[in-house]
Amino acid sequence: MKFIPQSYKIPDEAMKPFIDIEEIEGFLTSVKPDKARVREVIAKSLNKNRLSLEETAVLINATDPQLIEEIKNGARELKKRIYGERIVLFAPLYVGNLCQNNCAYCGFKASNSDIIRKTLEKNELIKETEALEDDGHKRLILVFGEHPKYNPEYIAECVRTVYDVKKGPGEIRRVNINAAPLDIEGFKTVHESGIGTYQIFQETYHEPSYAKYHLGGKKRDYEWRVTSLDRAFEAGIDDVGIGALFGLYDWRFEVMSLVRHVNHFEAVYNVGPHTISFPRIQYAAEMNIDPAFAVSDEDFIKLVAILRLAVPYTGMILTARESHDIRKNLMEFGVSQIDGGTNLEIGGYAEDEHDQNIKREQFKLNDDRTLNEIIQELLTDGFIPSFCTACYRQGRTGQHFMEFAVPGFVKNLCSPNAMLTLAEYLEDYAPAETKKIGYELIEKKLKDIDPKRRAETKEKIEKIKTGIRDLYF
Ligand code: SAM
Ligand code: SF4
């Protein structure tokens, strides 16, 4: 690794290039997944330990259907035991699709002359934000192509604009970013605008495959990308999201690499990523991808369960790239955040036009339900939809780690906060039917909270019913 952050004491372990193909392939070819070992590894994760590369390979190499079932049960149990039934909701807001790169899988690639290029003007960004607030959203991720126009000052200005939009009872309380890697100064500029998470996906950690699919522009530089979040850390951003785009190379290698990336952050900065994303490639205009590494639904479910067990303290994001069925199915295996009412067209939220037009989108969406439809289903399935941003606004960083490490944190902080933000949604945006099942669920889930906190939560919900907003613990 060429880039070495200056302000940290770097252990020897972290001085090596942190993705070592031989090391990862060595584990994948040599580790034997015998029954006893698989069970031991699942138990280690359930005891709140991150798994090593060798242990992750034990789970990856397990192919016996009974063991796979045990891995899935382990992930289910971990989610239930540690995180409870909350699912955090957010929306992506595409700000602009100008792009100088040529990523073979993406509809925004520079060589795609068919796509309609657009960057939101300030007034359009305000309109998009208002439309999302009108749906009930409180958390957004702003998404950008890679282009000189989307420089750090521009991104920071977009963040400030979004935070300033208040429509009726609506406001955006957390703005995350998915944009190109920046230099340290650039990350500082964006950090100062008050972002939540800066998310960058490595796409594939396998350097030869990376070279095969990144055919032009700055993104061709594997090293610049793989060290991007180190620069973010050095700029003071300790809330980062990592991810791999599944389907470019062997999913087993990508899972191992994600764990290696986590392990690198822990070794160097003493903190892991806030979230892990695991998008699977979807159809995009002019896409040219070797189907050899397409991930089947069966493998996808297995890999999500393995990631949940391997890094038990991070948030796990599952987007509307996946179908309704897959999302419903995966919710119990440790997913903690999903998007709802998603529209990928630049300016699409304010337009009220919901048919997909691939000439205006990065890729095809498979779950185009409205936010309310998604909330209704979560409620019916016993999950608490949450728009909570309390930790971030209280300066409680490392939220997922605290949920994981501090006894009673979820039960007495996260669950009540989820209910308070759900109550706001039910009062301000929900149709009658959702409101009814929402309050029924809150009534039921209040019983799981300690008596003192339960009484305080009920009191705050009564205040919400009288019009007071933004109450949290
Ligand atoms: N342009 C920035 C970048 O490349 O990092 C950020 C935005 S990009 C629009 C967000 C992510 O979308 C990419 O990192 C990639 O993983 C994902 N993506 C691109 N094409 C996709 C496709 N066809 N199917 C699913 N996800 C895709
Ligand atoms: Fe551009 Fe990002 Fe799409 Fe690559 S993935 S073409 S960088 S928008």
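Just so you know, ligand 1 is whichever comes first in the structure, and atom 1 is the first atom listed for that ligand.
Ion pairing between a basic and an acidic side chain is recognised when a charged N comes within 4.0 Å of a carboxylate O; Lys127 and Glu124 show no such pairing. Between Lys72 and Glu69 there is a salt bridge, since a side-chain N of the basic residue sits under 4.0 Å from a carboxylate O of the acidic one. In summary, Glu171 and Lys166 engage in a salt bridge, as defined by a charged side-chain N under 4.0 Å from a carboxylate O. At a threshold of 4.0 Å, the pair Glu128-Lys118 does not count as salt-bridged, since none of the basic side-chain nitrogens sits closer than that to a carboxylate oxygen. Between Lys219 and Glu146, no side-chain nitrogen of the basic residue sits less than 4.0 Å from a carboxylate oxygen of the acidic one, so the salt-bridge criterion is not met.
Applying the 4.0 Å criterion to heavy atoms of Gly145 picks out, from ligand 1, the atoms 1 (N). Heavy-atom proximity to Cys99, at under 4.0 Å, picks out these atoms of ligand 2: 1 (Fe), 6 (S), 7 (S), 8 (S). Each of the atoms 2 (Fe), 4 (Fe), 5 (S), 7 (S) of ligand 2 lies under 4.0 Å from some heavy atom of Lys219. Each of the atoms 8 (S) of ligand 2 lies under 4.0 Å from some heavy atom of Gly145. Heavy-atom proximity to Arg280, at under 4.0 Å, picks out these atoms of ligand 1: 25 (C). For ligand 1, the atoms lying closer than 4.0 Å to a non-hydrogen atom of Ile281 are 24 (N), 25 (C). Atom numbering of ligand 2 starts at 1 in the shown order; those under 4.0 Å from a heavy atom of Lys109 are 6 (S).
A ring-centre distance under 6.0 Å is not found for Phe187 and His191. Taking the six-membered ring for Trp, Tyr105 and Phe363 have ring centres at least 6.0 Å apart.
Considering only non-hydrogen protein atoms, atom 2 (C) of ligand 1 sits nearest to Phe144 O, 3.4 Å. Protein heavy atom in closest approach to atom 3 (C) of ligand 1: Arg225 NH2, 3.6 Å. Atom 21 (C) of ligand 1 has its closest protein heavy atom at Phe363 CD2, 3.5 Å. Scanning all protein heavy atoms for the shortest distance to atom 18 (N) of ligand 1 gives Gln362 NE2, 3.6 Å. Of all protein heavy atoms, the one lying nearest to atom 7 (S) of ligand 2 is Asn101 ND2, 3.3 Å. Nearest non-hydrogen protein atom to atom 4 (Fe) of ligand 2 is Cys103 SG, 2.3 Å.
Heavy atoms of Ala284 found under 4.0 angstrom from ligand 1 belong exclusively to the side chain. At a heavy-atom cutoff of 4.0 Å, ligand 1 is contacted by the side chain of Val143 but not by its backbone. Residue-level proximity to ligand 1 for Tyr283 is absent, since no heavy atom of it falls below 4.0 angstrom. At a heavy-atom distance under 4.0 Å, only side-chain atoms of Lys219, from C-beta outward, approach ligand 1.
Looking at Thr197 and Arg174, their side chains do bring a donor and an acceptor atom within 3.5 Å of each other.
The closest approach between Lys364 and ligand 1 stays at or above 4.0 Å for every heavy atom of the residue. At least one heavy atom of Asn178 sits less than 4.0 Å from an atom of ligand 1.
Distances from atom 24 (N) of ligand 1 to the heavy atoms of Gln282, His214, Met287 put Gln282 nearest. Which of Gln199, Glu203, Arg321 comes nearest to atom 17 (C) of ligand 1 through a heavy atom is settled by distance: it is Arg321. The heavy atom nearest to atom 3 (Fe) of ligand 2, considering only Gly107, Ser111, Cys106, is found in Cys106.
At a cut-off of 2.8 Å, His214 is not counted among the residues with an N, O or S atom near atom 4 (Fe) of ligand 2.
Between His264 and Tyr269, the ring planes lie perpendicular to each other; the angle is over 60°, past the 30° to 60° tilted range. Classification of the Phe253-Tyr249 ring pair by plane angle, with boundaries at 30° and 60°, yields perpendicular. Aromatic ring orientation, Tyr425 versus Phe387: parallel (interplanar angle below 30°, classes split at 30° and 60°).
By the 6.0 Å and 45° rule, Arg280 stacks over the aromatic ring of Phe300.
A side chain to side chain contact (heavy atoms under 4.5 Å, CB included) with Ile141 is found for exactly one of Asn178, Thr319, Asp339, namely Asn178.
Distances between N or O atoms of Tyr105 and those of ligand 1 include at least one value under 3.5 Å.
To the nearest 0.5 angstrom, Asn73 atom CG is 11.5 Å from Leu67 atom CG.
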